[in-house]
Amino acid sequence: MTQHPREQATVSAHHPDGSATVLRDDGVLVDVPAEAVAEGGWRTLRPGQRVTLLRDAAGDVRGVLRPV
């Protein structure tokens, strides 16, 4: 899978369905699907937590990793 550069973000909210909303460092809110959260090995995220977003070639978030 071709990936775009990693983006740093802060968790804004973790939703009951496993998805999340994060605030990128450039101030843009991004919805993250539950599959991307699980791909990073997370069970849950907490507001204020720093994460790294991985995107595929189409720009969709495909993974949420620990910050680098």
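The structure displayed is predicted, hence computed values, not measured ones.
At a threshold of 4.0 Å, the pair Arg55-Glu7 counts as salt-bridged, since one of the basic side-chain nitrogens sits closer than that to a carboxylate oxygen.
A search for side chain to side chain donor-acceptor pair (under 3.5 Å) contacts involving Glu35 returns nothing, not counting sequence neighbours. Pro67 meets the side chain to side chain contact (heavy atoms under 4.5 Å, CB included) test with Gln8, Arg50, Thr52; sequence neighbours excluded. For Arg43, the side chain to side chain donor-acceptor pair (under 3.5 Å) test picks out no residue, with sequence neighbours left out. Taking the side chain to side chain donor-acceptor pair (under 3.5 Å) definition, one finds that Arg66 meets it with nothing, sequence neighbours left out. The salt bridge (Lys or Arg N to Asp or Glu O under 4.0 Å) test applied to Asp17 returns no partner, not counting sequence neighbours. When the side chain to side chain donor-acceptor pair (under 3.5 Å) test is applied to Thr21, the partners found at least two apart in sequence or on another chain are His15, Asp31.
When each of Val51, Val37, Val11 is paired with Val32, the side-chain contact (heavy atoms from CB on, under 4.5 Å) condition holds for Val37 and for no other.
Minimum heavy-atom separation, Ser12 to Pro47: O-CB, 3.8 Å. Taking both residues in full, the closest heavy atoms of Leu53 and Val64 are given as CD2-CG2, 4.1 Å, listed atom of the first, atom of the second, then distance. The two residues Leu45 and Ala20 have their closest heavy-atom pair at CD1-CB, 3.9 Å.
Going from atom CG of Asp60 over to atom CG of Leu54 covers 12.5 Å, rounded to the nearest 0.5 Å. With values rounded to the nearest 0.5 angstrom, Arg6 atom CZ is found 5.5 Å from Leu65 atom CG.
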